[in-house]
Amino acid sequence: PGCNGLHVGSVVTAQGSEWDYVLLSTVRNAEANDQTRRSKPNVHLGCLADRHLLNVAVTRGRLGIVVLGSAVVLSSNRHWSAFLQHCDASGGLLLAEEQPQLLVA
């Protein structure tokens with residue numbers, strides 16, 4: 001009850017579908033060490049490093065998307081870095097230590 005219309009799945013299962021809003025978790029449970037990040041920056045991102053899956057993920061929400069993850073880790077990939085720069089330039093990047101401004105109706 002209360003979860004009608006909620007879809008939970010991978011980006012691959014989202015291809016061809018759209019929803020009003022998407023909550024995308026890019027949080028990974030294993031962190032690469034600094035040396036691995038410098039020598040092989042996309043290794044620790046796994047499937048998140050795939051630009052086609054990124055495109056699918058960020059284009060499924062008709063009205064909006066919320067991405068949860070580490071901007072530092074994601075920006076090690078050039079496609080994620082471009083996406084994060086776009087979000088920042090549009091005023092849509094919120095860092096963990098920041099508080100969102102709530103709109104009062």
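Quick note: numbers below take in every heavy atom, side chains included, and nothing from hydrogens, waters or symmetry partners. Please read all numbers here as calculations on a predicted model, not as lab measurements.
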### Query
Is there any side-chain hydrogen bond (donor to acceptor under 3.5 Å, both in side chains) pair reaching into residues 87-98, and which pairs are they, with sequence neighbours excluded?
none
### Electrostatic pair Arg60:Glu18 at N-O distance under 4.0 angstrom
no
### Heavy-atom side-chain contact between Leu93 and Leu84 under 4.5 Å
yes
### Message
Within the 4.5 Å heavy-atom criterion, are Val67 and Trp80 side-chain neighbours or not?
### Response
yes
#### Entry: Ser81 side chain near Leu74 side chain, heavy-atom distance below 4.5 Å
no
### Query
What pair of heavy atoms forms the shortest contact from Ser76 to Leu45, and how long is it?
OG-CD1, 4.0 Å
### Task
Would you mind telling me which of Leu54, Val11, Leu53 makes a side chain to side chain contact (heavy atoms under 4.5 Å, CB included) with Cys47?
Leu53
### Side chains of Leu68 and Thr26 in contact at under 4.5 Å (non-hydrogen atoms)
no
### Query
Nearest 0.5 Å, what's the CZ-CG distance between Arg62 and Asp20?
4.5 Å
### Query
Hey, is the main chain of Ala14 close enough, under 3.5 Å, to the side chain of Trp19 for a donor-acceptor pair?
no
#### Entry: Interatomic distance, Gln85 atom CD to Arg78 atom CZ [nearest 0.5 angstrom]
12.5 Å
### Message
Could you tell me if the side chain of Val66 sits less than 4.5 Å from the side chain of Leu24, heavy atoms only?
### Response
no
### Query
Is the shortest heavy-atom distance from the side chain of Ile65 to the side chain of Tyr21 under 4.5 Å?
no
### Task
Please answer: with hydrophobic residues joined when any side-chain heavy atoms are less than 4.5 Å apart, are Leu48 and Val12 in the same cluster?
yes
